[in-house]
Amino acid sequence: MTIRGEQGMDQLRIPRIISGAFADAPHASGREAAIYGKLVAARETEASLVAVASFKRIVGHVLFSEVRIDGEHRRWLGLGPLSVLPKWRRQGIGGALVAHGLEAVRRDWDGCVVLGDPAFYGRFGFEHDPALVYPGPPPEFFQRIVFRGPAPQGTVTYPSAFG
Ligand SMILES: CC(C)(COP(=O)(O)OP(=O)(O)OC[C@H]1O[C@@H](n2cnc3c(N)ncnc32)[C@H](O)[C@@H]1OP(=O)(O)O)[C@@H](O)C(=O)NCCC(=O)NCCS
């Protein structure tokens with residue numbers, strides 16, 4: 001299993017990985033693969049990593065795009081979607097994608113938010129901060145990790161591709 005940055009032809013294969021991963025996810029909107037396509041088209045993907053198994057088969061993917069805080073660019077990213085194909089789960093691939101992704105973006109960004117299960121994301125240092133707000137879902141599912149600088153306060157918005 002290798003984790004590496006997305007390369008040219010991967011863009012054709014990643015949507016299938018995303019839809020395959022989210023097909024059985026209870027919280028899925030069904031739009032996750034389309035969101036990836038829109039972000040690519042808008043050149044709004046900041047980091048995109050794939051997990052590659054034998055025979056160069058892509059079995060997982062993670063994406064980072066810039067979020068705004070109170071409408072401003074603050075050098076903060078949003079992690080998501082994160083996808084691992086059902087057959088390949090519970091072997092650490094999702095965790096490896098998150099860990100490698102955070103390592104890849106840490107130098108150039110000030111922090112990252114994620115909407116997801118705190119039991120999964122907490123191990124990487126993500127925490128809920130009541131001062132950083134994402135309206136809608138239960139607040140504890142919205143978490144952030146600070147790479148540098150003060151922890152920001154405000155309301156987070158994702159790129160328009162997320163709808
Ligand atoms: C969420 C998702 C990416 C996790 O991928 P994964 O490859 O299974 O992730 P990991 O293997 O790193 O960790 C998952 C669990 O397996 C456990 N695990 C990891 N390696 C393991 C191993 N060798 N043996 C048994 N369990 C293991 C982890 O401890 C973790 O446990 P948890 O359920 O208590 O959190 C995957 O389930 C998925 O694509 N889901 C659908 C889409 C989705 O929900 N994406 C996230 C949106 S926020």
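This structure is a prediction, so every number in the text was calculated from the model and none was measured. Ligands are counted one by one from 1 in listed order, and the atoms in each one are counted from 1 as well.
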**Prompt:** Do Tyr134 and Tyr158 have their ring centres less than 6.0 Å from each other?
**Reply:**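 Yes, ring centres under 6.0 Å apart.
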**Asked** Can you list, by chain and residue number, every protein residue with a non-hydrogen atom closer than 4.0 Å to ligand 1?
**Response**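 For ligand 1, the contacting residues are Ala21, Phe22, His27, Leu82, Ser83, Val84, Arg89, Arg90, Gln91, Gly92, Ile93, Gly94, Gly95, Leu115, Gly116, Phe120, Tyr121, Arg123.
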**Asked** Is a side-chain N or O of Arg106 found less than 3.5 angstrom from the main chain of Gly111, in a donor-acceptor match?
**Response**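 No, Arg106 side chain to Gly111 backbone: no donor-acceptor pair under 3.5 Å.
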**Message:** Give me the atom names and distance for the closest heavy-atom approach of Ala28 to Glu32.
**Reply:** CA-OE2, 3.4 Å
**Complete:** To the nearest 0.5 Å, atom NE2 of His61 lies from atom CD1 of Ile17 at 9.5 Å
**Prompt:** How many angstroms lie between atom CD1 of Ile35 and atom CZ of Phe22, to the nearest 0.5 angstrom?
**Reply:**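 Answer rounded to 0.5 Å: 8.5 Å.
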**Message:** Taking the side chain as everything from C-beta on, heavy atoms only, tell me whether His27 gets closer than 4.5 Å to Phe141.
**Reply:**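 No; the side chains remain at least 4.5 Å from each other.
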